[in-house]
Amino acid sequence: MLFLSVAIVIWQDLKIGLYGYSAFTMEFMITTLIGYAFLRQRNRVEADSALKIERLEEDMNILSNDIKEKNLGVHSLEEKLNRYAMLKGVIESLSTHLSLDDINNLVIEESVKTLGKSGRALLFLVDTEKQDLMLSASSGASRIKTKKGDTFDHWVLRHRKSLIVEDITRDFRFPVDDVEESKKIFKSLIATPLISENKVIGIMRMDNPDVFMFTQDDLRLLDIISDLAAVVIQNALFYSRTQELAIKDGLTGLVVRRYFLDRLEEEIKRAAHRKGAISILMMDIDHFKEYNDKFGHTSGDLVLKYLARTLMSMVKEGDIVARYGGEELVILLCGRNKKEAAIEAEEMRRTIQDKPLTLRRHAATITVSIGVANSPEDAILPEELIKIADERLYKAKTKGRNRTCSV
Ligand code: GH3
Ligand code: MG
Ligand code: MG
């Protein structure tokens with residue numbers, strides 16, 4: 001550019017005949033100066049532009065990072081919104097159920113759905129009598145060894161607060177032996193207490209075979225679900241306790257006569273449908289009035305409690321032991337014919353007779369008389385079956401007590 005300008009000026013001077021040594025020198029110097037000034041200006045402009053471009057690029061980077069962060073924020077907000085919308089669903093579905101089993105299973109189902117995490121989900125309820133944990137519902141677990149909770153669940157129970165463990169092998173709050181056993185099944189977990197009326201009534205827990213599978217956000221959500229679950233489970237417990245009180249006798253804990261009669265009708269129908277059999281044993285304490293007179297009414301109550309406990313420990317699952325009235329008990333034996341029922345009745349009678357009770361520091365022997373009746377062998381209708389069992393009980397009494405009559 002510079003040389004082109006010098007050439008043009010010299011060419012024009014040559015054309016008009018002005019060209020001489022001094023003129024050439026002057027022109028050359030002026031042109032060189034102009035050229036130098038021009039070059040400096042251009043370099044400056046170029047440097048300015050490069051700086052501006054650099055700054056723009058920096059700004060663009062910052063903006064694009066900002067956008068990325070905002071996008072992440074929007075995404076996590078969307079996720080949060082989704083999760084909270086799901087929580088609304090949890091509240092609705094939990095409030096429509098009343099049975100405790102249904103609620104327990106639903107709590108597990110909704111927790112897994114809301115958190116969207118794989119692995120196991122376990123719900124333990126506190127057995128208030130034993131002050132122990134009991135596994136009440138689970139998902140994602142084929143076989144659970146620790147039905148009474150493990151070291152992590154007991155930590156939550158003891159501390160009454162939520163727990164997150166990202167890697168159980170690196171968390172030194174827990175005994176090494178327990179961790180060694182647990183790490184075969186899971187490596188990370190979250191657990192929250194279910195608190196109602198200031199008492200821990202259960203533990204909700206999720207775990208996973210991999211490390212770092214749960215976030216603080218997951219724990220917060222599980223906390224919310226646990227709070228909801230605690231209210232609903234407590235309600236269900238109250239409800240089932242009220243129902244239990246209505247069907248259970250306060251002294252012995254056995255079911256009452258009305259409940260027994262309802263169940264007897266059902267069981268007779270069920271047995272008839274399967275072409276099976278059921279038997280009933282009508283049992284009465286011998287000379288009970290004498291015990292009361294001799295040892296007092298409170299001791300008599302103890303005899304009744306002892307008798308109830310003994311019989312409950314001898315019957316099979318599905319059988320029913322009821323307090324029919326006063327010191328008269330009735331036992332429903334499912335699936336047993338008369339011969340089998342008579343054998344079991346004799347076993348009960350002998351067990352009671354063979355175990356003397358200490359009443360007011362005196363050893364006292366309790367004996368019972370039993371009447372056996374079977375459906376369909378003796379009767380089909382419940383009231384008839386009871387009448388026959390009662391008649392045989394009376395027969396056992398008149399024959400000298402402490403015996404079983406089945407004919
Ligand atoms: P047996 O049946 O052998 O003919 O004589 P028994 O003395 O058992 O019969 P009875 O019907 O004369 O007396 C039943 C007694 O059972 C009278 C009553 O005080 C007592 N009894 C009924 N319910 C209870 C109770 O809840 N607690 C106590 N301690 N006694 C009860
Ligand atoms: Mg009696
Ligand atoms: Mg009686």
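Since this is a predicted model, take the numbers as computed values, not measurements. Counting starts at 1 for both ligands and their atoms, following the listed order.
- Salt bridge status for Asp378 with Lys387: absent, with no side-chain N to carboxylate O gap under 4.0 Å.
- The backbone N or O of Arg336 sits less than 3.5 Å from a side-chain atom of Ser279, completing a donor-acceptor pair.
- Just one of Asp218, Asp210, Asp217 meets the salt bridge (Lys or Arg N to Asp or Glu O under 4.0 Å) condition when paired with Lys117; it is Asp218.
- Within the 2.8 Å limit, Ile285 places at least one N, O or S atom next to the Mg ion (ligand 2).
- Applying the 4.0 Å criterion to heavy atoms of Asp284 picks out, from ligand 1, the atoms 2 (O).
- Put simply, atom 23 (N) of ligand 1 has protein non-hydrogen atoms near it, under 4.0 Å away.
- Residue Phe174 forms a side-chain contact (heavy atoms from CB on, under 4.5 Å) with just one option from Ile168, Asp150, Val165, and that option is Val165.
- Taking a cutoff of 4.0 Å between a charged side-chain nitrogen and a carboxylate oxygen, Asp286 and Arg349 do not qualify as a salt bridge.
- Remark: minimum distance from atom 7 (O) of ligand 1 to any protein heavy atom is reached at Lys289 N, 2.9 Å.
- A donor and an acceptor atom, one from each side chain of Ser162 and Asp223, are located under 3.5 Å apart.
- For atom 6 (P) of ligand 1, the closest non-hydrogen atom of the protein is Phe288 N, 3.4 Å.
- Formation of a donor-acceptor pair under 3.5 Å by the Ser99 side chain with backbone atoms of Asp102 is found in this model.
- Protein heavy atom closest to atom 27 (N) of ligand 1, with residue, atom name and distance, is Asp301 OD1, 2.7 Å.
- With salt bridges taken as basic N to acidic carboxylate O contacts below 4.0 Å, one links Asp66 and Lys70.
- Salt-bridge check for Asp59 with Arg55: failed, with every basic side-chain N at 4.0 Å or more from each acidic carboxylate O.
- The protein atom (non-hydrogen) at minimum distance from atom 5 (O) of ligand 1 is His287 N, 3.3 Å.
- Taking any N or O of Leu251, backbone or side chain, none lies under 3.5 Å from an N or O belonging to ligand 1.
- Per residue Glu327, closest N, O or S atom to the Mg ion (ligand 3): atom name OE2.
- Heavy atoms of Lys305 found under 4.0 angstrom from ligand 1: none, in either backbone or side chain.
- The distance from ligand 1 to the heavy atoms of Gly326 drops below 4.0 Å at these ligand atoms: 22 (C), 23 (N).
- Arg120 has a carboxylate O that lies under 4.0 Å from a charged side-chain N of Asp207, or vice versa, which qualifies the two as a salt bridge.
- If you check the side chains of Asn337 and Glu377, you find no donor sitting under 3.5 Å from an acceptor.
- Ligand-side atoms of ligand 1 in range of Gly300: 29 (N), range being under 4.0 angstrom from any heavy atom.
- Checking only distances, Leu304 never comes within under 3.5 Å of ligand 1, N or O to N or O.
- For the Mg ion (ligand 2), the set of nearby N, O or S atoms under 2.8 Å includes one belonging to Asp284.
- With Thr298, Asn292, Leu302 as candidates, the residue nearest to atom 19 (O) of ligand 1 on a non-hydrogen basis is Asn292.
- Summary of contacts: the protein heavy atom closest to atom 4 (O) of ligand 1 is Arg401 NH2, 3.1 Å.
- Judged by distance alone, with hydrogens and angles left aside, the side-chain atoms of His154 form a donor-acceptor pair with the main-chain N or O of Lys148 at under 3.5 Å.
- Ligand 1 has an N or O atom lying under 3.5 Å from an N or O atom of Lys397, backbone or side chain.
- With hydrogens left out, the protein atom closest to atom 9 (O) of ligand 1 is Glu327 OE1, 4.4 Å, a heavy atom.
- Per-residue contacts place Arg323 under 4.0 angstrom from the following atoms of ligand 1 (heavy atoms of the residue considered): 23 (N), 24 (C), 25 (C), 26 (O).
- Any N or O atom pair closer than 3.5 Å counts here, and Asp286 shares no such pair with ligand 1.
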